Amino acid sequence: MIPNIPVNAQWSKNGVTVAGGLQWGFAMNQLQNPRGIFVDDDQTVVIADWRNARIVQWKLNDTKGQVVAGGKGFGSQLDQLNGPTDVLTDREMDNLIICDRVNRRVVQWSRRHNTTQGEILVERIPCGGVAMDNQRYLYVSDEDKHEVRRYKIGDKNGTIVAGGNGNGTGLNQLDLPSYIFVDQEQSVYISDNNNHRVMKWNKDAHEGIVVAGGHGKGNALTQLAYPQGIFVDTLYTVYVAGMHNHRVMRWPKEAKEGTIIVGGKGEGPGANYLRYPSGIFFDRYGNLYVADNGNHRVQRFFIE
């Protein structure tokens, strides 16, 4: 459920740790470089726990997480993951869909109890991010081919919906696409990592539109530095984690510059700091969740 967020909304400057935060580690109350996140309607946070080769979920107010995929060490067997970068919940089928980056595959795990292994959906793809539209089409970014493909579940080939023209700075090109978001019109928003911009490709378009950044790497309000997680609300406001700027920014539709909504004070471990933020997500109430990669935690910033 995409929340209705007022264009002038504010969030608490201090985050509350809802997962991890006890230095890095592999215990059930720890994370190690969390990447993509997804928040269910009941505020359960599902986390791609990258260096622990697992997907964990933390229910609201829990003091430790639960492994829901992987967690059997680094490997390529069906009960293992290796460097997962992103995860989403397919609510209709009660499945997790995981970008298993180092294994170059997208896998599906049932959320039902006693599930011991996943199923490969797409092979031979160094995926950076995954998304699903309201018709249950799957979108996957390919970091080697610099493109995003759309798949019907069960389809192994997919269709290019963004990029696919080699790496570069042109409007029909991407350079290391990572996280993606798909809106209600099937427009695809892409964190174009090495181009320090967020691109929007309308359905069936042959080139994209710059909707955030695009003015080189930097910390000005017109710039991004290695954008990662993105989210788009019902007003088409784009929210993006600037990984090397240690901040999350908001870019209203057609804005020429963004505003910092959390972080932006440099890197640090405090409640009002971030360190290399990666995935972001908003719950149904408009609260912001950030995978605070370098602090090995997930922070929640309450909407005010």
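Computed from a prediction, not measured in an experiment: that's the story for all the values here.
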Hey, is [atom1] on [X] packed in by over 12 heavy atoms from elsewhere, all under 6.0 Å?
X    : atom1 : value
Q23  : CD    : no
K256 : NZ    : no
E254 : CD    : no
K13  : NZ    : yes

Looking at [Y], is its backbone amide N or carbonyl O close enough to the side chain of [X] to form a donor-acceptor pair, meaning the two atoms are under 3.5 Å apart?
X    : Y    : answer
N195 : G168 : yes
H296 : G21  : no
Q223 : H215 : yes
N52  : R54  : no
N165 : N172 : yes
T85  : G128 : yes
R105 : S76  : yes
H246 : G264 : no
D192 : D175 : yes
S12  : N14  : yes

Worksheet item: Minimum heavy-atom separation for S191 to P227, with atom names?
Response: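 Distance-wise, the nearest heavy atoms are CB-O, 3.6 Å.
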
Worksheet item: Which heavy atom of V7 sits nearest a heavy atom of L235, and at what distance?
Response: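 Distance-wise, the nearest heavy atoms are N-CD1, 4.1 Å.
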
Worksheet entry | Stepwise salt bridge (charged side-chain N to carboxylate O under 4.0 Å, His left out) test for D90 and R136 | CA-CA 8 Å; D90 178 358; R136 296 190 63 248; 2.6 Å; yes

Discussion item. Which residues pass the salt bridge (Lys or Arg N to Asp or Glu O under 4.0 Å) test with R247, not counting sequence neighbours?
Written reply: none

Item to complete: Mind checking salt bridge (Lys or Arg N to Asp or Glu O under 4.0 Å) for R250 and listing every partner two or more places apart, or none if nothing turns up?
Response: none

Worksheet item: Parallel, tilted or perpendicular: which describes the rings of F281 and F38, with under 30° parallel and over 60° perpendicular?
Response: tilted

Worksheet item: Between Y226 and H244, how do the two ring planes meet: parallel, tilted or perpendicular, split at 30° and 60°?
Response: tilted

Is there a continuous path of hydrophobic side-chain contacts, each under 4.5 Å between heavy atoms, that joins [X] to [Y]?
X    : Y    : result
F282 : I47  : yes
Y285 : V290 : no
V262 : V18  : yes
W50  : Y179 : no
M243 : M249 : no

Worksheet item: Going through the distances and angles, do R104 and D144 end up as a salt bridge (charged side-chain N to carboxylate O under 4.0 Å, His left out)?
Response: CA-CA 10 Å; R104 300 172 67 88; D144 281 359; 3.3 Å; yes

With a cutoff of under 4.5 Å between side-chain heavy atoms, which Ile, Leu, Val, Met, Phe, Trp and Tyr residues group with [X]?
X    : answer
L176 : none
M93  : none
V210 : Y137, Y139, V148, V161, L171, L174, I180, V182, V188, I190, M199, W201

Verify the distance criterion only: is there a donor paired with an acceptor across the side chains of [X] and [Y] at less than 3.5 Å?
X    : Y    : value
R111 : Q57  : yes
N202 : E185 : no
N4   : T234 : yes

Discussion item. Can you tell whether the side chains of D133 and R150 come within less than 4.0 Å, N to carboxylate O?
Written reply: no

Discussion item. If the condition is side chain to side chain donor-acceptor pair (under 3.5 Å), which residues does D283 pass it with, not counting sequence neighbours?
Written reply: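 Expected list: Q43, N287, Y289.
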
Item to complete: Would you please test Y236 and D183 for side-chain hydrogen bond (donor to acceptor under 3.5 Å, both in side chains) and show each step?
Response: CA-CA 8 Å; Y236 304 101; D183 69 18; 5.2 Å; no

Fill in: Flag side-chain contact, heavy atom, 4.5 Å: I2 against Q184
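In contact.
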
